[in-house]
*Asks:* 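Please find one structure pasted underneath; my questions will follow.
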Protein chains: 2
Amino acid sequence: MNIAAVARAAGVGTGTVSRVLNESPSVRPATRARVLDVIEQLGYRPSRLATALSKGTPRTVAIVVPYMTRPSVVERLAGVISVLDREGYDAVVLNVETVAQRDRHLESLTERHRADGVVVVSLPVPQRQLSSFRQSGIPLVLVDAEAPGIPRTVADDVEGGRLATAHLVGLGHRRIGFVGDLGFEGIGNASTRQRFLGYRHALSAVGAEVDESLVRQGEHGAHTASLLAEEMLRARRPPTAIFAISDTQAIGVLGAADRLGIAVPDELAVVGYDDIESAAFLGLTTVRQQLARSGELGAARLCALLRGEEVRPRRQQLPLEVVARSSSARRRSLDGPRTSPSGEPHARAAKARVEVDGWVPPPASGTDAAAGGIAGALLRA
Amino acid sequence: MNIAAVARAAGVGTGTVSRVLNESPSVRPATRARVLDVIEQLGYRPSRLATALSKGTPRTVAIVVPYMTRPSVVERLAGVISVLDREGYDAVVLNVETVAQRDRHLESLTERHRADGVVVVSLPVPQRQLSSFRQSGIPLVLVDAEAPGIPRTVADDVEGGRLATAHLVGLGHRRIGFVGDLGFEGIGNASTRQRFLGYRHALSAVGAEVDESLVRQGEHGAHTASLLAEEMLRARRPPTAIFAISDTQAIGVLGAADRLGIAVPDELAVVGYDDIESAAFLGLTTVRQQLARSGELGAARLCALLRGEEVRPRRQQLPLEVVARSSSARRRSLDGPRTSPSGEPHARAAKARVEVDGWVPPPASGTDAAAGGIAGALLRA
DNA sequence: TTCCGCCATGGAACCGCTTCCACGTGATGT
DNA sequence: ACATCACGTGGAAGCGGTTCCATGGCGGAA
């Protein structure tokens with residue numbers, strides 16, 4: 001079933017059918033009606049491939065992401081996809097967990113007619129591949145990754161590390177631990193390193209020094225982070241605060257503190273990074289980088305490129321912001337003894353978040369099944 | 001730059017170039033070498049669209065998911081994508097947050113040459129669309145959704161609800177709260193309803209009745225769940241245990257307990273659902289449904305269909321399993337007074353998880369940056 | 001009435017690859 | 001020596017659209 005069959009059945013030429021499909025104004029209403037009728041009758045659906053080949057564009061954008069299940073990554077990814085959807089592009093997702101996979105995928109994306117454009121998220125692109133893209137003329141946009149000359153939407157990780165640490169310094173902390181990850185095990189970006197630099201800046205700004213025993217790196221994930229934190233906290237001279245380079249790892253730190261009976265924030269302040277959904281709920285102080293928005297903006301810029309527009313400036317930087325919550329509320333005293341073994345766990349103070357954060361619970365949605373209601377629907381059925 | 005240009009430059013016919021590209025054995029080695037050489041020289045990349053149109057298959061599979069940022073959903077999605085990648089299919093992801101969006105996307109997928117096949121995750125497919133797929137002949141596979149006659153990979157949600165509740169009943173609980181969501185606000189599947197039925201079965205099996213005041217539904221998300229739990233726990237006759245239909249919501253329940261100074265598990269047992277990554281870390285008892293695996297299996301079955309194989313049985317059911325962790329450890333007494341306002345928070349017992357769960361920390365990865373080590377790389381640089 | 005021009009339309013050429021068919025060549029069988 | 005055959009190859013047809021160009025009919029202007 002192709003356009004010729006429709007043309008034959010409607011007693012018109014293929015050109016006319018095509019014009020009807022593309023809503024060309026130069027088709028007489030009567031003809032249009034007849035063609036649409038036949039299309040309906042036959043249940044004809046145009047071939048997307050043929051259209052794409054003929055028009056010379058697959059209307060597809062490829063997105064390359066590492067470890068897509070991580071909360072911070074999937075939020076960016078969802079942002080990218082939402083804009084592409086709105087703009088009528090199909091989003092092909094390429095998940096990357098090894099260097100070989102990254103290279104294979106990037107390689108394949110310069111194939112002709114594979115994708116109109118490419119968004120790479122949180123992944124450095126090797127020089128080789130960059131020139132490959134430049135040569136093939138396929139528009140490339142980065143989100144949360146740097147590469148000179150390539151349009152990119154980023155945040156300043158050094159500044160983020162500095163902000164987080166300065167926040168703790170401002171609360172009087174000087175012994176501040178650092179928990180980092182391994183940068184996607186070699187394939188990912190250098191955000192841990194960058195944030196560490198910011199951490200170091202903030203400390204030296206007040207004349208403090210980095211204590212090597214307070215700097216740890218391990219696999220991404222709450223569990224590993226909690227082990228790292230536990231080691232630090234069990235040492236002779238434990239930190240009074242810990243900065244973790246992701247909320248996931250910060251949650252691990254909170255767990256370690258809880259396990260050891262260390263009160264947060266009174267005995268240990270904790271700051272994370274990303275502001276994922278559960279951070280708000282857990283009362284975790286964090287550095288907000290607008291994850292979904294970074295994806296949306298990156299995608300929007302790619303779409304602009306695809307329309308033939310310029311994107312300026314090449315490097316688009318999103319603001320960072322410390323969101324102060326209960327895990328770093330002001331301490332009573334800095335050097336006093338740990339008062340109670342587990343007195344007043346920080347989550348007890350979570351209510352304070354509502355004020356600190358300016359967050360307001362969503363209004364009841366008007367049905368009896370809304371938050372706060374007894375589940376009428378379930379019980380009635 | 002097309003295959004004809006290559007043919008010309010190599011002094012051969014287009015057919016021969018095509019044969020070289022497709023590794024046909026019937027090309028003389030010398031000819032092959034010459035053609036490959038020219039391809040290299042010219043930097044020729046074949047057009048994916050032309051190949052696809054000519055072969056009659058786009059080598060693409062579409063995946064429709066609701067609310068892709070939710071942990072349970074993204075794990076399934078990643079499972080689907082990993083198998084498709086291995087099998088050489090491009091994965092187009094369609095995220096759905098409204099009914100209109102769902103219908104628009106499903107509609108578009110029956111277009112000719114849009115996708116070789118479709119995987120729908122955690123989303124019921126309306127009858128209309130089902131017949132549309134049947135008619136178009138595009139293979140469809142469901143993951144975590146039911147539809148008679150369609151190949152699907154599912155778990156038994158009723159049984160899951162029953163298992164969770166029976167676990168609590170087995171610990172002596174009779175006043176068991178239920179926290180559900182709104183089923184993706186109308187677009188999603190009916191898992192809350194199913195699990196509620198299981199919950200009810202388990203209660204009636206021991207002669208207990210559902211207490212309406214202990215059944216609540218609200219938006220998915222930890223925050224809402226914590227509000228719902230708080231209401232229940234503040235009531236005159238609070239529950240001694242709560243079953244939440246997702247780990248995300250269970251985390252909200254844990255938060256509410258913490259806020260109110262209610263000890264888990266001694267004063268309140270909590271069971272979630274899904275076994276997302278953070279559940280293990282938080283010591284949350286949960287019903288494990290193999291999320292990633294469900295996606296992998298669904299995708300594998302779609303690939304089988306695309307190879308023209310039969311998939312039997314149509315309905316593939318994955319086992320469920322209660323993973324007992326510290327949030328539902330055995331209580332000291334069931335009806336005694338609450339002993340300490342916040343004595344021994346459950347997370348203190350999280351270490352027990354390692355034994356309960358059979359989980360063993362991953363081995364150090366051999367670098368000095370592995371978990372447990374001081375961050376050598378950062379400090380050296 | 002005649003000429004011009006516009007509008008709606010049919011159909012060929014084209015997008016770039018695969019595949020089938022036909023053909024020439026050299027090896028084999030008798 | 002001649003028919004046969006297999007093999008390597010060139011090139012046309014086809015996949016299913018879009019788009020351009022030529023054409024015929026019609027209305028308006030002279």
Side-chain angles (χ1 to χ4, degrees), chain A residues 1-39 42-60 90 108 110-116 136-138, chain B residues 1-36 38-39 42-60 88 90 108 110-116 136-138:
Chain A
M1 162 77 64
N2 55 22
I3 205 171
V6 174
R8 219 174 307 123
V12 300
T14 59
T16 300
V17 177
S18 177
R19 274 169 225 124
V20 170
L21 291 173
N22 293 287
E23 286 161 348
S24 154
S26 65
V27 178
R28 217 184 320 160
T31 314
R32 174 190 312 284
R34 186 150 37 95
V35 171
L36 287 175
D37 217 49
V38 171
I39 287 175
L42 300 179
Y44 165 74
R45 317 283 319 251
S47 154
R48 190 166 247 235
L49 283 178
T51 306
L53 174 60
S54 178
K55 290 212 167 118
T57 153
R59 294 297 294 176
T60 290
D90 266 2
S108 81
T110 50
E111 272 174 24
R112 232 186 131 196
H113 290 161
R114 173 84 196 279
D116 290 309
S136 69
I138 294 173
Chain B
M1 162 75 63
N2 56 20
I3 206 171
V6 174
R8 220 174 308 122
V12 299
T14 60
T16 300
V17 177
S18 176
R19 274 170 225 124
V20 169
L21 290 173
N22 293 285
E23 285 162 351
S24 153
S26 64
V27 178
R28 217 183 322 161
T31 313
R32 174 189 312 284
R34 186 150 37 97
V35 171
L36 287 176
V38 170
I39 287 176
L42 299 179
Y44 166 73
R45 316 284 320 251
S47 155
R48 190 167 246 238
L49 283 177
T51 306
L53 174 58
S54 179
K55 290 213 168 115
T57 153
R59 294 296 293 174
T60 290
D90 267 2
S108 82
T110 50
E111 273 174 23
R112 243 194 118 190
H113 290 162
R114 173 83 195 279
D116 290 309
S136 69
I138 294 173

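Every chain is numbered from 1 and lettered A, B, ... according to where its sequence line falls, protein lines coming before strand lines.
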*Asks:* Scan residues 20-34 of chain A against DNA chain C and write down, sorted by residue number, each residue with any heavy atom closer than 4.0 Å; if none is found, say none.
*Replies:*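 Going residue by residue through residues 20-34 of chain A, the ones with a heavy atom under 4.0 Å of DNA chain C turn out to be A:S26, A:V27, A:R28, A:T31.
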*Asks:* Could you tell me the separation between the CZ atom of A:R48 and the P atom of D:dT18, rounded to a whole number of Å?
*Replies:* 12 Å
*Asks:* Can you find a side-chain donor-acceptor pair between A:R45 and B:S136 that sits under 3.5 Å?
*Replies:* no
*Asks:* Taking all non-hydrogen atoms of both residues into account, name the closest pair between A:V38 and A:A9 and its distance.
*Replies:* CG1-CB, 3.6 Å
*Asks:* What verdict does the side chain to side chain contact (heavy atoms under 4.5 Å, CB included) test give for A:S47 and A:N2, after you've listed the backbone C-alpha separation in whole Å, the side-chain angles of each residue and the deciding distance to 0.1 Å?
*Replies:* CA-CA 8 Å; A:S47 154; A:N2 55 22; over 6 Å; no
*Asks:* Measure the distance from CZ on A:R8 to C1' on C:dG10 and round it to the nearest whole Å.
*Replies:* 14 Å
*Asks:* Among the candidates D:dG17, C:dG10, C:dT18, find the nucleotide nearest to the side-chain atoms of A:V12.
*Replies:* C:dG10
*Asks:* Reading DNA chain D from 5' onward, which residue's closest nucleotide shows up sooner: B:G13 or B:L53?
*Replies:* B:G13
*Asks:* Calculate the interatomic distance between A:N2 atom CG and C:dC15 atom C1'; express it in whole Å.
*Replies:*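 My rounded result for the distance is 16 Å.
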*Asks:* Taking only N and O in the side chain of A:S18, is any of them less than 4.0 Å away from OP1 or OP2 of D:dT18?
*Replies:*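 Yes, within the criterion.
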*Asks:* Students often get this wrong, so: under 4.0 angstrom with heavy atoms, is B:R19 touching a base, only sugar-phosphate, or nothing?
*Replies:*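 Counting heavy atoms under 4.0 Å across all strands, the contact made by B:R19 includes a base.
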*Asks:* B:V35 versus B:R32: any side-chain heavy-atom pair under 4.5 Å?
*Replies:*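 No, too far: nothing below the 4.5 Å cut-off.
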*Asks:* Using a strict 4.0 Å threshold on nitrogen-to-oxygen distance, state whether A:D90 and A:R48 make a salt bridge.
*Replies:* yes
*Asks:* Check the distance between D:dC15's P and A:R45's CZ and give it to me in whole angstrom.
*Replies:* 21 Å
*Asks:* Between D:dG10 and B:T16, is there an OP1 or OP2 to side-chain N/O distance shorter than 4.0 Å?
*Replies:* yes
*Asks:* Which is true for A:G56 with a 4.0 Å heavy-atom rule: it touches a base, it touches only sugar-phosphate, or it touches nothing?
*Replies:*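 No contact.
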*Asks:* Taking C-beta and beyond as the side chain, do B:P46 and B:I3 meet within less than 4.5 Å on heavy atoms?
*Replies:* no
*Asks:* Using atom CD1 of B:I3 as one end and atom C1' of C:dC15 as the other, report the distance to the nearest whole Å.
*Replies:* 13 Å
*Asks:* Using a distance-only test with no angle check, is there a side-chain donor-acceptor pair under 3.5 angstrom linking B:R114 and B:S108?
*Replies:*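 Looking only at side-chain atoms, B:S108 and B:R114 do form a donor-acceptor pair, the distance falling under 3.5 Å.
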*Asks:* Of all the nucleotides listed (C:dT18, C:dG10, C:dC20), which has the minimum atom distance to the side chain of B:T51?
*Replies:*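 Output: C:dT18.
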*Asks:* Rounded to whole angstroms, how far apart are NE2 on B:H113 and P on D:dC15?
*Replies:*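 The answer, rounded to whole Å, is 11 Å.
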